[in-house]
Amino acid sequence: MELRELLLLFVAVCGVVFVLVMAVMAWALLRSNNPARGRPQTERSMGRVVSAAIVGTVLVITFLTVSSFYATRSIDWREADPATIVVRGQQWWWQFTYLDADPAKAFQTANELHIPVGTDVRLRLEATDVIHSFWIPNLTGKQDLVPGRENGLTLHADKPGIYRGQCAEFCGLQHSHMALLVVAEEPDDYARWLEAQRRAAVEPADGDAAAGKLVFVSKPCAACHTVRGTAAGGISGPDLTHVGSRSMIGAGLLENSRGSIAAWIADPQTLKPGNNMPLVPLTSEELRQLTVYLSELR
């Protein structure tokens with residue numbers, strides 16, 4: 001049973017129950033105004049009606065519960081594409097690891113999840129700090145990410161588009177700023193995106209970007225972030241190998257632009273208080289060069 005059929009079933013059953021309740025109520029009111037019927041007989045009749053209503057309620061609730069269980073179970077357990085994506089919730093951003101039979105083809109990205117249209121994609125949900133909840137309203141229901149436990153969820157998009165998601169479990173100060181985007185693409189476009197993401201970071205194309213790369217690997221940035229193809233191999237922050245290709249930064253906080261990147265680097269605690277990124281002392285020239293470098297990582 002699909003969700004659409006389950007919804008129609010609930011509407012139909014609840015509609016029938018409503019009509020029956022109204023009919024019984026009208027019948028009871030008419031009988032209560034009939035002086036010809038004795039009180040003991042009326043009480044016995046109403047007792048039978050109430051007993052029948054209780055039995056009917058139990059049966060209806062049981063039927064709807066079982067139907068709901070099997071409908072939602074089919075969503076969670078249907079066959080999915082073997083290329084599993086690991087979703088890891090952290091305060092307050094999303095880490096996506098695209099697994100592959102060849103470990104050399106695995107890679108990480110952050111806050112923007114790409115999937116192919118028309119394919120069931122199986123997600124493995126994990127958390128590293130507190131409980132989060134993965135929720136893409138237009139594609140699937142909520143599923144918790146619990147530290148020390150793995151949960152699963154299947155995504156399926158019928159048409160290309162960008163679907164906004166949100167952490168649906170209060171997870172701290174910046175819970176409301178823990179958003180994500182699911183980008184559903186045609187299979188060919190998705191394959192090209194995969195191939196591009198598997199590549200190492202592009203080498204700087206101009207002097208400012210080259211200088212920005214030196215700033216990145218020589219400052220504390222490299223201790224927290226990875227940029228594949230460079231000496232930067234930190235794992236506590238998002239992988240920035242292709243950060244310039246993402247449409248937003250800060251888990252939905254800002255649109256991805258040079259101005260936004262510069263503002264985030266300059267004072268991350270003002271923009272998103274409590275996040276784990278420290279203030280890195282930089283000169284204005286270093287900030288400009290670093291911003292140019294990161295924006296070119298596409």
Side-chain angles (χ1 to χ4, degrees), residues 2-3 6-7 68-69 71-100 106-185 190 193-194 197 235-239 243 246-254 256 272 274-276:
E2 298 292 336
L3 282 180
L6 180 66
L7 178 62
S68 178
F69 171 77
T72 54
R73 185 174 183 270
S74 66
I75 295 174
D76 290 338
W77 292 97
R78 63 188 176 186
E79 290 296 324
D81 191 283
T84 302
I85 302 171
V86 178
V87 178
R88 184 171 289 110
Q90 305 190 47
Q91 292 178 312
W92 290 274
W93 59 284
W94 301 94
Q95 181 187 75
F96 304 122
T97 303
Y98 286 73
L99 303 179
D100 194 273
F107 65 89
Q108 288 184 0
T109 183
N111 302 319
E112 192 170 292
L113 181 66
H114 287 242
I115 62 173
V117 169
T119 302
D120 290 342
V121 179
R122 188 68 178 171
L123 307 180
R124 194 172 80 213
L125 307 180
E126 303 174 354
T128 59
D129 36 42
V130 299
I131 296 175
H132 302 278
S133 187
F134 185 84
W135 184 35
I136 315 295
N138 292 96
L139 296 179
T140 188
K142 303 173 186 177
Q143 183 63 271
D144 284 349
L145 296 80
V146 182
R149 175 179 174 180
E150 292 182 1
N151 284 335
L153 190 66
T154 300
L155 281 186
H156 184 99
D158 292 321
K159 58 183 180 181
I162 298 176
Y163 304 88
R164 189 182 186 278
Q166 176 69 40
C167 178
E169 179 80 22
F170 181 73
C171 55
L173 180 63
Q174 294 298 326
H175 161 68
S176 61
H177 293 144
M178 189 174 170
L180 70 144
L181 294 179
V182 175
V183 181
E185 303 174 297
Y190 176 71
W193 178 84
L194 276 182
Q197 292 294 313
I235 59 173
S236 58
D239 187 306
V243 64
R246 300 169 196 162
S247 59
M248 61 183 184
I249 62 172
L253 186 67
L254 299 169
N256 193 351
K272 198 169 183 176
N275 82 87
N276 291 325

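What's counted below: heavy atoms across the whole structure, side chains too, no hydrogens, waters or symmetry copies.
Contact annotation: the side chain of R122 approaches that of T154 to within less than 4.5 Å [non-hydrogen atoms, C-beta and beyond]. Inter-residue side-chain proximity for N275 and Q174 is flagged as unmet; no heavy-atom pair is nearer than 4.5 Å. A heavy-atom distance below 4.5 Å is not found between the side chains of I249 and N111. Here the side chains of Y190 and T119 are not in contact, with every heavy-atom distance at 4.5 Å or above. The closest side-chain heavy-atom distance from W93 to P238 is below 4.5 Å. Q91 has its side chain out of reach of M178: every pair of non-hydrogen atoms, C-beta onward, lies at least 4.5 Å apart. The shortest distance between side-chain heavy atoms of L155 and L113 falls below 4.5 Å. Residues P147 and T128 form no side-chain contact, since every pair of their non-hydrogen atoms from C-beta on lies 4.5 Å or further apart.
The distance from the CH2 atom of W92 to the NE2 atom of H132 is 9.0 Å, given to the nearest 0.5 Å. Rounding to the nearest 0.5 Å gives a distance of 12.5 Å between CD of Q90 and SG of C167. L123 contributes atom CG, which lies 8.0 Å from atom CD1 of I115 (distance to the nearest 0.5 angstrom). For the atom pair CG of L99 and CZ of R124, the computed distance is 6.0 Å after rounding to the nearest 0.5 Å.
By the neighbour-count criterion of 12 heavy atoms within 6.0 Å, atom CD1 of I235 is sparsely surrounded, having that number or fewer from other residues, nucleotides or ligands.
A donor-acceptor contact shorter than 3.5 Å links the side chain of Y98 to the backbone of H114. Side chain of N151 to backbone of V146: no donor-acceptor contact under 3.5 angstrom is found. At least one donor-acceptor pair closer than 3.5 Å links the side chain of K272 to the backbone N or O of H177. At distances below 3.5 Å, at least one donor-acceptor pair connects side-chain atoms of E112 with backbone N or O atoms of S247.
Using the six-membered ring where Trp is involved, W94 and F134 have ring planes that are perpendicular, over 60° apart on the 30 and 60° scheme. Taking the six-membered ring for Trp and thresholds of 30 and 60 degrees, W193 and F107 have ring planes more than 60 degrees apart, a perpendicular arrangement.
By the ring-ring contact (aromatic ring centres under 6.0 Å, His included) test, H175 pairs with F170, sequence neighbours left out.
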